[in-house]
Amino acid sequence: MAGAPTQLLRLLPLLLLVLPSGLREYLSPEINHRPEEDGTAPDPGVAGDAVLHPIVLVPGVSCSKLEARLTGAYRPSVPRCGAMKGKGWFGLWDNCSDLPAHHYVHCFMEQMSLVYDPVADDYRNLPGVETRVPNFGSARGFQINPEHPDWCLQALRRELERIGYRDGDTLFGAPYDLRRAPPMPGQTSRAYSFYFRQLTRLIEDASRRNQGRKAILFGHSFGGTVALAFVQSTPMAWRDRYIKHLILAAAPPAAGVVPTVKYAASGPEVLYVPTAPPPSLRPMWRTFESAVVNFPSPAVFGRRPLVVTARRNYSAHDMAEFLAAAGFGAASVLAFRRREVTSMDRFQPPMVPTTCINGVSNETLEQLVYWDGDFNARPVLVYGDGDGFINLVSMLAFDEQMRQQNEQNKLFKSIRLEGARHSTIVTDDWALKRVMQEILEANRISG
Ligand SMILES: *[C@@H]1O[C@H](CO)[C@@H](O)[C@H](O)[C@H]1NC(C)=O
Ligand SMILES: *[C@@H]1O[C@H](CO)[C@@H](O)[C@H](O)[C@H]1NC(C)=O
Ligand SMILES: *[C@@H]1O[C@H](CO)[C@@H](O)[C@H](O)[C@H]1NC(C)=O
């Protein structure tokens, strides 16, 4: 009887040494007593499995693929863009190297574009363009940026797999339509109604597969905005039953962030398309609701000039005027006024255990100077504190809002990682380790 199990027992301390510290702390008490009691060797794998709550990853804005299908109703601006008409589903936002390789960048921008429908107060595709998000449910189907293969939660996924998480069993992914923003309560969004139903079902299934355990919902960057809005959209009894913990890593708070203003004016730096620098992606970006949903809010940014020109300054109160001056279409400005301005600072605590992890002490855009009022020119940038994307004042406002609600305050933890940046907070070893500790901590808290 003294064979393999005893040997394994001797090896265990060594095995534990190579595990990340959070898991080591977690496993040690279990492993210390079990072998003596029944004489069988503990199996760290099984021990790991036994304690893991399912986790659902919601990645950043560039990380969800999008497929399209062009029907007869599609009227391409140039014949070339109609090449895929009637040919079924294809990856529109998928392998971004493919776009220049097939001279498809212009067509891509056209087919990605949204149109605001003022009657329905919702966004839709161009006529004849149908879209869908592939790989829903998997944490292995996100879009990969060839220049940053660790982005889109790839490094985090590998860490999770290292401690025993398995895609489809305990680990899941919830990509979304990157062009759209989650609606505030009372707003219409057909796309998000569908997505929230999908995510509800995914979490219920994940729980069922895992002996009824609640799920941890993890959102990074814009994925945090989506994850938070999802929780807020669910009935309280459902949240209590299914959400173990909400973890928001570098999620833009409701108060908004200044860099979104720069992307709107000068083009997005978040979508990587080879050969297509940010300014060239601007016409497409400006049709997206995700481009303007995190604009800075008056309650937090007040009257301070965010955009400075010789003739006039624009504060958070003047963002609709700024969009018009920067060349946004009338429909997009109307959509901004109706959907974003009215919902800025409307904050509801998620009322589930929540941990926020944010980087600080990195230069973060606070003001843009387009002195000549030419928004095609390169702005002079003025920096303050934050994670390189999220302004510190927004993070502080979020914490304050969470703490104002007494019940939420008991379930809220805010962590600042000195020197972590918006994207590297889930890729740099030291920051990733800290994020993993919080995931393990969320697993450990009873309830
Ligand atoms: C992406 O597209 C490029 C260019 O068409 C091709 O060389 C590459 O193999 C593709 N990568 C993947 C992962 O499909
Ligand atoms: C705009 O803001 C700048 C910087 O705060 C200030 O110096 C300038 O006087 C303001 N200009 C106008 C027209 O209000
Ligand atoms: C980000 O913060 C770290 C630590 O404070 C610092 O070393 C790094 O230079 C900063 N980077 C920027 C761009 O501010």
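Start at 1 with the first residue, then count along the sequence. Both counts, for ligands and for their atoms, begin at 1 and track the order of listing. Note that these values count all heavy atoms, side chains included, but never hydrogens, waters or copies made by symmetry.
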### Task
Compute the shortest N/O to N/O distance between Asn313 and ligand 2 and return yes if it is under 3.5 Å, no if not.
yes
### Task
Classify the ring geometry between Phe389 and Tyr263 as parallel (under 30°), tilted (30 to 60°) or perpendicular (over 60°).
parallel
### Task
Hey, can you tell me if Tyr195 and Tyr192 have their rings parallel, tilted or perpendicular (30° and 60° cut-offs)?
perpendicular
### Query
Does the side chain of Asn125 come under 3.5 Å of the side chain of Thr131 through a donor N or O and an acceptor N or O?
yes
### Message
I'd like the residue list for ligand 1, meaning every protein residue with a non-hydrogen atom under 4.0 Å from the ligand.
### Response
Asn95, Ser97, Asp98, Ala101
### Message
Quick check against the 3.5 Å criterion: does Asn294 have a side-chain atom that pairs as donor or acceptor with the backbone of Ser290?
### Response
no
Do any side-chain atoms of residues 220-232 form donor-acceptor pairs under 3.5 angstrom with protein atoms, and if so which ones, sequence neighbours left out?
| residue | atom | partner | partner atom | Å |
| --- | --- | --- | --- | --- |
| His220 | NE2 | His422 | O | 3.0 |
| Ser221 | OG | His422 | NE2 | 2.8 |
| Gln232 | NE2 | Gln348 | O | 2.4 |

Please set out all donor-acceptor pairs under 3.5 angstrom arising from side-chain atoms of residues 265-273, sequence neighbours excluded.
| residue | atom | partner | partner atom | Å |
| --- | --- | --- | --- | --- |
| Ser266 | OG | Tyr370 | OH | 2.6 |
| Glu269 | OE2 | Lys262 | NZ | 2.7 |

### Task
Would you please name every residue forming a ring pair (Phe, Tyr, Trp, His ring centres under 6.0 Å) with Tyr104, sequence neighbours left out?
none
### Task
Go through ligand 2 atom by atom and flag the ones less than 4.0 Å from a non-hydrogen atom of Pro305.
2 (O), 5 (O)
